[in-house]
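Remarks on the structure that follows.
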Amino acid sequence: MIQTAQDMKTYRDRIHQALENKFLRKALDNFASSYKVSRAKAFEGIDLEALRHQLADGKDQALTHLESLFQQFKAKAEAAGAVVHLAATAEEANEIIARIASDNGVHAIIKSKSMTAEEIHLNDHLEAEGFKVTETDLGEWIIQLRHEGPSHMVMPAIHLSRHQVGGLFSDVTGKPVDLEDIDRMVKVARKELRPVFLAADMGVSGANFAIAETGTLGLITNEGNARLTTTLPRVHVALVGLEKLAPDLETALRILKILPKNATGQALTSYVTWITGAVECAASPTGRKNLHIVFLDNGRLELARDPVFSEALRCIRCGACSNVCPVYGKVGGHALGHVYIGAIGLILTYFYHGKDNARAIVHNCLNCQACKSVCPVNIDLPYLIKKVYENILKDEGARPAKNVLLSLVMKNRKLFHTMLRMASSLQKPMVKKDAAVLRHLPFVFGKTQEFRTLPAFAEKPFREQWPSLRPHIPNPSYRVALFGGCVVDFVSPEQAVSLVKLLTAHHVQMEYPMEQSCCGLPAMMMAETETAVEVAVQNLQALDSQAYDYILVLCASCGSHLKEGYSRLLASKPELAEKLRRMQSRLMDFSSFMVNVLKVTPDAFVQSHTEVAYHSPCHLCRGLGVTREPRELLGTAGLNYIPCADEDVCCGFGGSYSLEFPEISAEILRQKLDHVDATGAQVLVTDCPGCVLQLRGGMNKRGSSVQVRHIAEVVAANLKSL
Amino acid sequence: MSNNNLALVMKERAKRVQAVTVTVHHMNDVLRYTIDLTLQENGTTIAAPGLDVVNLQKLEDLCHASGLQLLHPPFRSHSSGIHMALTGADRAIAETGTLVLDSSSEDIRIATMLSETHIAWIPASRIMPDASALSAYMQEKMASPPGYMAFITGPSRTADIERVLAIGVHGPQRLHILIMEDSPS
């Protein structure tokens, strides 16, 4: 059945295979674009932020007393004629359900869709016990017939083409099926499954919520199979994860308001079913439904008490984190999850299916934050994915050599910067003259890195240029410090040089605190939390001066890490709280400073009307929430901004991600560059040196004439000379 | 919002989810509509759980006259042969074009789940603006178990194959909503 790669080599092979599947990529691409449109439309006129907060807070509240909610539910549901069970483990749940079936003389079982049943591999267990089990949700039926696991939590068969489904149905029915006609295929399922529904003795469903106050189960569905599953057979078993307990109707209505819109862009699904107790059922000897509700713990109660990971239990299984994930869009769910798919799958796999199944897949996150931005219950998915990775490293005892090395070097700024300089001189023989890119890649990178050129280190890092560049502005309007970050300092100092030019022209005194080091995000990405904390403390010291009105960043990733990452990393150091607050209150990205503080005007710039496309860095638009200012600044600086498709989708860089998964990175980049090419613009602007590196490398590789520039460079280039 | 406005929103939202909406003024219109639609779809059988005795008799007479068969409960014994289900709806939610049916009765469940087409009538006065306006009603229903409440929004659907919307998987393939407004007098 489901076989998830347990080591990186096998996993890379799987990814390679997945990337070969052209149908999958096209299907997921189309889905990703249409999902965004329909979701936005579904939420029109709704205060989504408020709703998310309410829902997340409500979930957190409920998670603190799941046991008492369970007791309350049990009392109510049993008073209404149900039997309520609590299974501590997956095995126990399987045994309880099999026992209910055998105690009631059941032969045939029908199922409506339940991820919780997938979690415990219920079908395998029931079939081994001799029961005939039929999935009735169309997608689930298809994958059951193919002996596969779901590739999406809401659309389990999204990886299959109509031709594959048509072929399968024709095998199953023994009759020809038109391979183009989806409507007919759906009717095949209707016709084939109807007698199975009518003959079943027992129906197994999941539940989207379980209301403790009244003992009510809620099912949110589209096909109508869950209604039949809960109505026709004499026995109904509902399998429910403990985290689905909701205190009251109000909470359930909130879930109802957000789940269908966020899952499929529907205002509401075709059916919402509210079952309270054992209703009448003529097929049952007692005249009432034989209703069993099996709650599943399987680690949930422990997870609910975990200070870091409990928020994963807020998940309402909408699947949106897959829908917007650039990696999911390239490799599909079978390569990005075990049973649970997508960002939440990378997290839950570790807790529900063990570290062996999580070990490889947990690496496959770009940290682009797209999932976090659509999560209806505000789960910090990228962060928790890194924390899972950290747990796995701890479990396994031995850290990879690259982690040990990174930590060793990064903790010591002088050593780190010396090594960067050494790397710079070592690469000299490999640098292509006049192009500042590497002629050929050092062998350690291997062939897979050839999808882009890699830049050479700068001749002279910014920190060495700074003493001769430092302007002296008498009576400056502002004093600002630049937090450069490694890429600006050692690879792209021209971006900082542009900043010096712009600030000087606007009477701003700039400083470059020399004690600053790497922001520490790469350490976070490699789950080296301790190192990340150490460099955070160093940087906080370096930036702590009353003399700065603002601390500017040219790198969105550094900026968002200094803001959000540091708050979390330094949460356990109250003695630094004041310093942290001071730093963060002054932290600002380049464009916001130009637009909102300096309030630059068009008369300062040559109105060249050069057409430019724009890439919105993940850590700027989602990390720092800045979207308006860069686009406005382009206009003010005399450039003609041409909107481009999917501007806010990741470029595929993700720091070390592009080294770990070059094939996926290349594919995400290809699509990004295609969108840019479609605009016809000859300049591509962005505001993160990492994105510049990736995008420029890709453009170079395709021999394109499109120039890739940091926004500070193009704005400075248009500055009128004084 | 007035009942009229709510009825307008209800119609517009229900259409978005492929339901057919019609304004009627009298139960006779509902019965006539049911007969006509069944004939038009070449159906032969009608199940009308929950219909009052007087209207049930009228429907029986109309069926006779049209060569249709009015099924008698329990509908479980007709589970493979229900073409049309005619029911009332207890409430409706304008915002999403949703019908709310207390489906605790097994006959209502079987008719509305196994039929090919479902016709539901609803007095305009029972249309609520949104789900939260339904709270008190739902609370009351859930407080007197056992119960099976159904929100129905358009006909049964799926997008499980290539995300192409297909109507009519396991539930009714068509949903007609008859909104009963006071006669203009």
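Order of the sequence lines fixes the chain letters, A, B, ..., with proteins taken first and strands second; residue numbering starts at 1 for each chain.
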With a 6.0 Å cut-off (strictly less than), is the heavy-atom count around [atom1] of [X], excluding the residue itself, greater than 12?
{"X": "A:His163", "atom1": "NE2", "result": "yes"}
{"X": "A:Glu250", "atom1": "CD", "result": "no"}
{"X": "B:Lys11", "atom1": "NZ", "result": "yes"}
{"X": "A:Glu180", "atom1": "CD", "result": "yes"}

Looking at [options], which one has more heavy-atom pairs under 4.5 Å with chain B than the rest?
{"options": "A:Ala79, A:Ala278, A:Ala27", "result": "A:Ala278"}
{"options": "A:Thr273, A:Asn222, A:Thr214", "result": "A:Asn222"}
{"options": "A:Leu228, A:Leu253, A:Leu256", "result": "A:Leu228"}
{"options": "A:Arg254, A:His152, A:Lys187", "result": "A:Lys187"}
{"options": "A:Gly224, A:Gly277, A:Ser270", "result": "A:Ser270"}
{"options": "A:Gly81, A:Pro156, A:Ala80, A:Ala283", "result": "A:Ala283"}

Could you tell me whether a side-chain N or O of [X] sits under 3.5 Å from a main-chain N or O of [Y], the two making a donor and an acceptor?
{"X": "A:Lys257", "Y": "B:Ser132", "result": "no"}
{"X": "A:Arg190", "Y": "B:Val169", "result": "yes"}
{"X": "B:Arg13", "Y": "A:Ala267", "result": "no"}

Distance-only donor-acceptor check, side chains [X] and [Y], under 3.5 Å:
{"X": "B:Tyr148", "Y": "A:Thr276", "result": "no"}
{"X": "A:Glu223", "Y": "B:Thr158", "result": "yes"}
{"X": "A:Arg194", "Y": "B:Ser80", "result": "no"}

- Check against side chain to side chain contact (heavy atoms under 4.5 Å, CB included), A:Ile211 and B:Met142: CA-CA 10 Å; A:Ile211 305 175; B:Met142 284 156 49; 3.7 Å; yes

Where on [X] is there a heavy atom nearer than 4.5 Å to chain B: the side chain, the backbone, both, or neither?
{"X": "A:Ile275", "value": "both"}
{"X": "A:Val165", "value": "side chain"}
{"X": "A:Gln266", "value": "side chain"}
{"X": "A:Thr221", "value": "neither"}
{"X": "A:Thr216", "value": "side chain"}
{"X": "A:Asp248", "value": "neither"}

- Item | Chi angles and distances behind the side chain to side chain contact (heavy atoms under 4.5 Å, CB included) call for A:Glu280, B:Ser104 | CA-CA 7 Å; A:Glu280 62 175 54; B:Ser104 305; over 6 Å; no

Looking at side-chain heavy atoms only, is the closest gap between [X] and [Y] below 4.5 Å?
{"X": "B:Ile110", "Y": "A:Thr231", "value": "yes"}
{"X": "B:Arg109", "Y": "A:Leu232", "value": "no"}
{"X": "A:Ile142", "Y": "B:Ile161", "value": "yes"}
{"X": "B:Ile152", "Y": "A:Tyr271", "value": "yes"}

Could you tell me which non-hydrogen atom of [X] sits nearest to which non-hydrogen atom of [Y], and how far apart they are?
{"X": "B:Glu162", "Y": "A:Leu160", "answer": "CG-O, 3.9 Å"}
{"X": "B:Thr98", "Y": "A:Leu268", "answer": "OG1-CD2, 3.4 Å"}
{"X": "B:Asp160", "Y": "A:Gly139", "answer": "OD2-N, 2.7 Å"}
{"X": "B:His170", "Y": "A:Thr136", "answer": "NE2-O, 2.7 Å"}

- Apply the test side chain to side chain contact (heavy atoms under 4.5 Å, CB included) to residues B:Arg163 and A:Ile158: give CA-CA distance (whole Å), side-chain angles for both, the deciding distance (0.1 Å), then the verdict. CA-CA 7 Å; B:Arg163 292 192 316 100; A:Ile158 193 172; 3.9 Å; yes

Measure distances from [X] to the heavy atoms of chain A and classify the residue's part below 4.5 Å as side chain, backbone, both or neither.
{"X": "B:Leu134", "result": "neither"}
{"X": "B:Arg76", "result": "side chain"}
{"X": "B:Pro155", "result": "backbone"}
{"X": "B:Ser135", "result": "both"}
{"X": "B:Thr112", "result": "both"}

Return the option, out of [options], with the maximum number of heavy-atom pairs under 4.5 Å with chain A.
{"options": "B:Gly154, B:Gly168, B:Pro74, B:Ala143", "result": "B:Gly168"}
{"options": "B:Arg16, B:Gln173, B:Lys141, B:Met138", "result": "B:Gln173"}
{"options": "B:Pro172, B:Ser79, B:Ala150, B:Gly147", "result": "B:Gly147"}
{"options": "B:Ala159, B:Ala131, B:Ser144, B:Ser105", "result": "B:Ser105"}

- Query: In terms of the angle between their ring planes, are B:Phe151 and A:Trp274 parallel, tilted or perpendicular, with boundaries placed at 30° and 60°?
  - Reply: tilted

- CZ on A:Phe197 to CG on B:Leu114, rounded to 0.5 Å: 9.0 Å

- Message: Applying side chain to side chain contact (heavy atoms under 4.5 Å, CB included) to A:Glu213 and B:Gln139, what does each step give before you reach the verdict?
- Response: CA-CA 10 Å; A:Glu213 188 180 59; B:Gln139 289 283 13; 3.8 Å; yes

